[in-house]
Amino acid sequence: VDLDPGARTAFLNSSCNFIAKYSSSGQFQWADRLDILTMFTNGQNGNYMTIDNVTQDLILTGGYVDTIDIDPSAGVQQLIGNSPSDQTFFMARFNTNGQLLWANDFDGSNTNNVVLGHDLKLEQVKTDLLGNIFIMGHINGTIDMDPSVGIANLTNTYYICKYNSLGQLLIAQSFAASPMSFDIDSQNNIVLGGWFVNVVDFDLGAGTQSLNAGPSSGDFFVAKYSN
């Protein structure tokens, strides 16, 4: 596939995942393939991505199985999954030239991550004006959301996790309600919307802020939290 819509050419093998950058006027700047040798056997997918508001770096998240090289250059940054069939989820950061800065997975390469029957779903990824990274989703089972030697297990829950610009975990927060979407405002506060049933305390601290939606029909909510 020629990814350059202009007069020049930028061919990549059609059987690969890739990231590409274009100018604001649509002019091709660069393209990188992502681990073409393991594309079919390992099913690597970059499911969500966003641009860092501070550095303009690319934040890419997704899932893979078995083993992949996430570095599109001549270097090697290997991620090792749980098995040849179970998906392991990753988060990676690339600079504005497409060079890999770092990559983390949540339950593969790091032997300190103990996972018990996991099913991690990533549903959104965003950054704030300080360069922090937020991911939101749902977990079935137990999974360690800290890619370092630390442990931050979450079990059978909706979650929002916050990482700094180096991919280090800052907050791993579970929710009794079911968040469907979130955004970051100009003051770096988190605005969260979703659905809940029964009585839920939306205050994540020592205080109490309960809403009652009843036992069956449920209700929608909007909540705001400081950064």
Side-chain angles (χ1 to χ4, degrees), residues 43 45-48 59-66 79-92 103-126 132-164 166-184 190-216 218-227:
N45 285 295
N47 293 331
Y48 295 95
I59 311 299
L60 184 69
T61 64
Y64 71 96
V65 296
D66 204 359
L79 297 180
I80 303 172
N82 290 326
S83 73
S85 58
D86 293 333
Q87 280 202 55
T88 300
F89 288 85
F90 72 87
M91 178 166 58
N104 291 329
D105 59 8
F106 295 106
D107 53 23
S109 306
N110 188 342
T111 56
N112 290 290
N113 289 352
V114 179
V115 181
L116 305 175
H118 77 281
D119 180 10
L120 171 66
K121 296 181 180 179
L122 298 177
E123 297 177 355
Q124 273 189 287
V125 55
K126 293 181 181 291
N132 298 309
I133 305 164
F134 297 78
I135 63 174
M136 184 192 79
H138 182 262
I139 291 171
N140 293 320
T142 298
I143 193 165
D144 180 7
M145 300 305 294
D146 190 340
S148 74
V149 295
I151 296 177
N153 285 335
L154 296 178
T155 301
N156 295 329
T157 186
Y158 288 89
Y159 69 88
I160 287 185
C161 293
K162 176 182 176 181
Y163 301 84
N164 66 16
L166 299 177
Q168 299 165 328
L169 179 69
L170 300 177
I171 297 171
Q173 181 62 57
S174 61
F175 284 90
S178 305
M180 301 171 65
S181 184
F182 79 99
D183 211 341
I184 311 296
I190 304 168
V191 181
L192 185 69
W195 182 81
F196 72 106
V197 296
N198 296 317
V199 178
V200 172
D201 179 11
F202 286 89
D203 191 329
L204 304 178
T208 301
Q209 180 64 60
S210 296
L211 297 177
N212 189 344
S216 57
D219 224 334
F220 289 97
F221 73 88
V222 176
K224 184 175 181 179
Y225 299 93
S226 65
N227 194 11

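Note that the structure is predicted; figures quoted are calculated from it, not measured.
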Enumerate, atom names and distances included, each donor-acceptor pair closer than 3.5 Å involving a side-chain atom of residues 197-205, sequence neighbours excluded.
| from | atom 1 | to | atom 2 | distance (Å) |
| --- | --- | --- | --- | --- |
| D201 | OD1 | D203 | N | 3.0 |
| D201 | OD1 | Q209 | N | 2.8 |
| D203 | OD1 | G205 | N | 2.8 |

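- A donor-acceptor pair under 3.5 Å links the side-chain atoms of K162 to the main chain of N227, judged by distance alone.
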Side chain to side chain contact (heavy atoms under 4.5 Å, CB included) between L192 and I160, intermediate numbers included: CA-CA 10 Å; L192 185 69; I160 287 185; 3.6 Å; yes

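- For the atom pair CZ of F221 and OG of S178, the computed distance is 7.5 Å after rounding to the nearest 0.5 Å.
- Between the side chain of D144 and the main chain of A152, a donor-acceptor pair closer than 3.5 Å is present.
- The main-chain N or O of G167 is found under 3.5 Å from a side-chain atom of N104 such that the two form a donor-acceptor pair.
- At a threshold of 4.5 Å between non-hydrogen side-chain atoms, the residues I135 and V125 count as touching.
- With hydrogens and angles disregarded, no donor-acceptor distance shorter than 3.5 Å links the side chain of S181 to the backbone of G193.
- Considering OH of Y163 and CG of N132, their distance stands at 12.5 Å, rounded to 0.5 Å.
- Atom CD of E123 and atom CE of M180 lie 9.5 Å apart (nearest 0.5 Å).
- For the pair I190/I184, a side-chain contact is recorded, criterion being any heavy-atom separation below 4.5 Å from C-beta on.
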C161/L169 under side chain to side chain contact (heavy atoms under 4.5 Å, CB included): CA gap, chis, key distance, verdict: CA-CA 7 Å; C161 293; L169 179 69; 4.3 Å; yes

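- With T142 as reference, T155 is the one residue of T157, T155, L154 to meet the side-chain contact (heavy atoms from CB on, under 4.5 Å) rule.
- Not counting sequence neighbours, F134 has no partner by the ring-ring contact (aromatic ring centres under 6.0 Å, His included) test.
- M145 pairs in a side-chain contact (heavy atoms from CB on, under 4.5 Å) with only one of the listed residues (I151, I139, N153), which is I139.
- Of the candidates F175, Y158, Y159, Y158 is the only one forming a ring-ring contact (aromatic ring centres under 6.0 Å, His included) with H138.
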